[in-house]
Student: 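So that we are looking at the same thing, I have put the structure below in structure tokens.
Letters go in sequence order (proteins before strands), and every chain restarts at 1.
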Amino acid sequence: MSDIVIGVLALQGDVREHLVALAAAGAVARPVRRPEELAEVDGLVLPGGESTTISKLAVLFGLMEPLRARVQGGMPVYGTCAGMILLADKILDPRSGQETVGGVDMIVRRNAFGRQNESFEAAVEVRGVEGGPVHGVFIRAPWVESAGAGAEVIAEHDGHIVAVRQGNALATSFHPELTGDHRVHGLFVDMARGYKAAGPL
Amino acid sequence: MSSTLSENQGPETGTARVKRGMAEQLKGGVIMDVVTPEQAKIAEDAGAVAVMALERVPADIRKDGGVARMSDPDMIEGIIAAVSIPVMAKSRIGHFVEAQVLQSLGVDYIDESEVLTPADEVNHSDKWSFTTPFVCGATNLGEALRRIAEGAAMIRSKGEAGTGNVVEAVRHLRQIKNEIARLRGFDNHELYAAAKELRAPYELVKEVAELGKLPVVLFSAGGVATPADAALMRQLGAEGVFVGSGIFKSGDPAKRAAAIVKATTFFDDPKVIAEASRNLGEAMVGINCDTLPETERYANRGW
């Protein structure tokens, strides 16, 4: 059943991998670069990429405000790596003028696990994902310095928060889209289905 | 790439997935050559996804002549300190000690580059032995696959750096894409002969035939000078672009850099490209590639 349409913010980053993972998880997946395309999706993935670049392009092309409006309006949203940074209400060390979409009550530290030489793979247990740990791919990854009362911590690595959920928003430091394991995307598609089924239409 | 982690294994760094995955994060973006921390900041503010730290841009290497080498570590560290986006740096072809130095400095990607004077005219560096990932140039599919066999985690079509002329970039990218398309039509019997012809490992040739693309990210480089050039390379199938001399050899680098970023994202929207192309000031002065003597063609370096 492919009744649910999930967009992937396609300004920059590993968009194709998310489209593939979402399709494998049973959603109709499509890239989103314009406000009118955003208006047509049931949920949205903010992909991995460069958070400063994505944020600048979102402002430049008039997507930042529509994104905030839809996330505040309850649209299911999932951010990986740079996408996690974009969902944070606060960045610990923002570049000057770096804006976020916000929506998750957390403070994120960019590149917290280090530069590329420190990028790593590790097994990560994620609450809400059945069938054993997921294969976490961490690339110049951020971590969540602190999560607010509204945000549920669903995964940690080495004592640091690497995945959170708050209502219809999901964020991971790592990149499930770079593995063949689509369970985290499955969890997100289920969230989006649940929201759509319950929503007033 | 097929390694699976068991629960009791600790974190693993420097894996093929982590190296190739890093390049996936750069897709749809522009990587800009910079020679000072100030230029690096301009690039970052303009929306670059990464910067390439080097001592002289290719246009100046051409002009100055002499041996072009890895940059001064102080300069690279200054650039690393100035920006939060990834920093790449160039080593000479086959100069694995320059690459070791770059890895020790903590650069995020090493470009084993034909723009610098080659240190070895037979061998490239063994890139598997590094934690830092490598990007390498290629003019055709065989060359790309030989670099991937040596451990390159990202490929850029070479073009002709420092000319401001996109003609070679187009030639090389089309060549790679055409050869991939041709493999798609081959049956199993033919793939062995194709591997021999391409001078590339059979396993990689087979993988490309199945995927219909390289197993790593493919960018374009060498001659991009305008927003329309960048969009052209994207429409031809490049997943992103490197811009070398094109930005900081132009009249208004900050404006041109931002314009090329916009055109790279909306590469299929002529209206956006038109807007981005307005009032950019002077582009870099180009060089006609057919007047370049063979010995001054960087794309010929690499084996």
Student: Heavy atoms under 4.5 Å from chain B: which residues of residues 57-75 of chain A carry them?
Tutor: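 Within residues 57-75 of chain A, near chain B: Leu57(A), Leu60(A), Phe61(A).
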Student: Under 3.5 Å, is there a donor-acceptor pair between the side chain of Glu77(B) and the main chain of Leu105(B)?
Tutor: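 Pair absent, no side-chain N/O of Glu77(B) close to backbone of Leu105(B).
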Student: Return yes if some donor-acceptor pair links the side-chain N/O of Glu50(A) with the main-chain N/O of Leu26(B) below 3.5 Å, else return no.
Tutor: no
Student: Is Arg33(A) close to chain B through its backbone or its side chain, or both, or neither, when contacts mean heavy atoms under 4.5 Å?
Tutor: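 It is both, since atoms from each part get that close.
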Student: What part of Ser119(A) gets within 4.5 angstrom of chain B, counting heavy atoms only: side chain, backbone, both, or neither?
Tutor: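 Both backbone and side chain of Ser119(A) come within 4.5 Å of chain B.
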Student: Going by the rule ring pair (Phe, Tyr, Trp, His ring centres under 6.0 Å), which residues pair with Phe130(B) if we only count those two or more places apart in sequence or in a different chain?
Tutor: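 Partners of Phe130(B) by the ring pair (Phe, Tyr, Trp, His ring centres under 6.0 Å) criterion, ordered by chain and then number, come out as Phe134(B).
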Student: Is there a donor-acceptor contact under 3.5 Å from the side chain of Gln98(A) to the main chain of Arg95(A)?
Tutor: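 Side chain of Gln98(A) to backbone of Arg95(A): a pair is present.
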Student: Side chain from CB out, backbone as N, CA, C, O: work out which of these in Ala48(B) comes under 4.5 Å of a heavy atom of chain A, or both, or neither.
Tutor: backbone
Student: Is it the side chain or the backbone of Tyr109(B) that comes within 4.5 Å of chain A heavy atoms, both, or neither?
Tutor: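 It is neither, since no heavy atom gets under 4.5 Å.
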Student: Examine Tyr78(A) together with His185(A) and report whether their ring centres are nearer than 6.0 Å.
Tutor: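 Close enough - the centres of the two rings lie under 6.0 Å apart.
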Student: Look at the aromatic rings of Phe174(A) and Phe138(A) and report parallel, tilted or perpendicular, splitting at 30° and 60°.
Tutor: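 Ring orientation of Phe174(A) relative to Phe138(A): tilted.
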Student: Run Lys206(B) and Glu210(B) through salt bridge (Lys or Arg N to Asp or Glu O under 4.0 Å) and show every step you take.
Tutor: CA-CA 6 Å; Lys206(B) 189 165 189 292; Glu210(B) 282 165 2; 2.9 Å; yes
Student: Please look at Val107(B) and chain A and tell me whether the side chain, the backbone, both or neither of the residue comes under 4.5 angstrom of a heavy atom of that chain.
Tutor: backbone
Student: Pick whichever of Arg110(A), Glu177(A), His157(A), Arg16(A) has the most heavy-atom pairs under 4.5 Å with chain B.
Tutor: Arg16(A)
Student: Answer yes when Arg183(A) and Asp181(A) have at least one side-chain N-carboxylate O distance shorter than 4.0 Å, and no when they do not.
Tutor: yes
Student: Angle class for the Phe219(B)/Phe242(B) ring planes (parallel below 30°, perpendicular above 60°, tilted otherwise)?
Tutor: perpendicular
Student: Sort out for me which of Asn117(A), Val137(A), Ile139(A) touches chain B most, counting heavy-atom pairs under 4.5 Å.
Tutor: Asn117(A)
Student: Could you look at Glu118(A) and say if it's the side chain, the backbone, both or neither that has a heavy atom under 4.5 Å from chain B?
Tutor: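 The backbone, not the side chain.
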Student: Does Glu37(A) come within less than 4.0 Å of Arg34(A), counting only side-chain N to carboxylate O?
Tutor: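 Here Glu37(A) pairs with Arg34(A) in a salt bridge, since their nearest N and O are under 4.0 Å apart.
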Student: If only atom types and distance count, is the side chain of Thr80(A) paired as donor or acceptor with the main-chain N or O of Gly83(A) below 3.5 Å?
Tutor: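 A pair under 3.5 Å: no.
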Student: Output the option from Lys262(B), Lys27(B), Lys19(B), Glu239(B) having the highest count of non-hydrogen pairs under 4.5 Å with chain A.
Tutor: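 When all of Lys262(B), Lys27(B), Lys19(B), Glu239(B) are compared, Lys27(B) has the most.
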Student: Could you look at Thr179(A) and say if it's the side chain, the backbone, both or neither that has a heavy atom under 4.5 Å from chain B?
Tutor: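 Both parts, backbone and side chain.
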Student: If I measure from the heavy atoms of chain B, does Arg140(A) come under 4.5 Å with its side chain, its backbone, both, or neither?
Tutor: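 When you check distances to chain B, only side chain atoms of Arg140(A) fall under 4.5 Å.
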